[in-house]
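Report on the following structure.
Just so it is clear: chains get the letters A, B, ... in the order the sequence lines come, proteins before strands, and each one is counted from 1. Just so it is clear, the structure is predicted and the values come from calculations on it, not from any experiment.
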There are 2 protein chains.
Amino acid sequence: MPDVYRALGDSTRRRILSMLKQGNKIQKEIVEAFDISQPAIKKHLNILLEEKIISESWDGKYRIYSLNPEVLQIAYHEMLQYIGELLDDQLVSLKNYVEKGEFRDEQD
Amino acid sequence: MPDVYRALGDSTRRRILSMLKQGNKIQKEIVEAFDISQPAIKKHLNILLEEKIISESWDGKYRIYSLNPEVLQIAYHEMLQYIGELLDDQLVSLKNYVEKGEFRDEQD
DNA sequence: TTCACATATAACTATTTGGTTATATGAAAT
DNA sequence: ATTTCATATAACCAAATAGTTATATGTGAA
């Protein structure tokens, strides 16, 4: 079970995910977007890979990274559900909205 | 700005928050609900306090802990917004629902 | 006043994290 | 075949985390 708090718990990793939202990227592009070293970026990518939030593949000598939207969805729902439960009804009905894809409330 | 990822990034802290959802608790009650030492629990409580997710007060010799729902709300919105942006429109419209307290979508 | 008990704090340990530099590997191009 | 360039990995460092045990502090009750 991917640990979404670990994956999203660092702002560099959140920025990497935002980049990947715009489309697949090769490692070099990601490295160049930050001021830290290539090994540091690679460590962040490894954490995102461990948590299954992204995937990697080869294209010749290039490493290609892409988002795993399904895993993100599931992670998102987990957090939404947990925090939603800590808060109150207003937010719980909205959790149902996400899960069922429809807006259904008591007051029709 | 409270770091909700830090606060929620540990399952003991998530369980503590769930307990506090049920009502204010004294430290002793929280300690007894876990298998770890009192100082260990106190450290978790300190992290939740640093991130402003909970508050503490005194009642005689008892420390009382309570949830800060407003801060949780804000944290919730932040995460909703960030992850919503990584995913797609379905989820973004729901962010608006939370923020405006109403369901308004393009396709009325 | 003394004792009991709830809480706080200090000192220590092991692990993880986020970074570094230096170096190895492997594919592509010259 | 050699060089270039993208990537991987190793070794290191400092700080934070999650726990421990031992001890101090403060309040209430006997």
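Protein atom OH of A:Tyr5 is 23 Å distant from nucleotide atom P of D:dA16, rounded to whole Å. Taking atom NZ of B:Lys42 as the reference point, atom C1' of D:dA22 lies 18 Å away to the nearest angstrom. Distance CD1 (B:Ile41) to P (C:dT9): 17 Å, rounded to an integer number of Å. Atom CG of B:Asp3 is separated from atom C1' of D:dA16 by 12 Å (rounded to the nearest Å). Atom-to-atom, NE2 of B:His44 to P of D:dT17 comes out at 11 Å; the value is rounded to the nearest Å. Atoms CG (B:Asp35) and P (D:dA18) sit 17 Å apart, rounded to a whole Å. To the nearest angstrom, C1' of D:dC5 lies 15 Å from CG of A:Asp59.
Counting atom types as modelled, A:Gln38 pairs no side-chain N or O with a base atom of D:dA6 as donor and acceptor under 3.5 Å.
Proximity note for A:Lys43 (side chain, C-beta onward) versus D:dT9, C:dG19, D:dG26: the nearest is C:dG19.
Checking the phosphate oxygens (OP1, OP2) of C:dG18, a side-chain nitrogen or oxygen of A:Arg13 falls inside 4.0 Å. Between B:Lys28 and the phosphate of C:dA6, there is a side-chain N or O to OP1/OP2 separation shorter than 4.0 Å.
Looking at A:Gln38 and A:Gln27, their side chains do bring a donor and an acceptor atom within 3.5 Å of each other.
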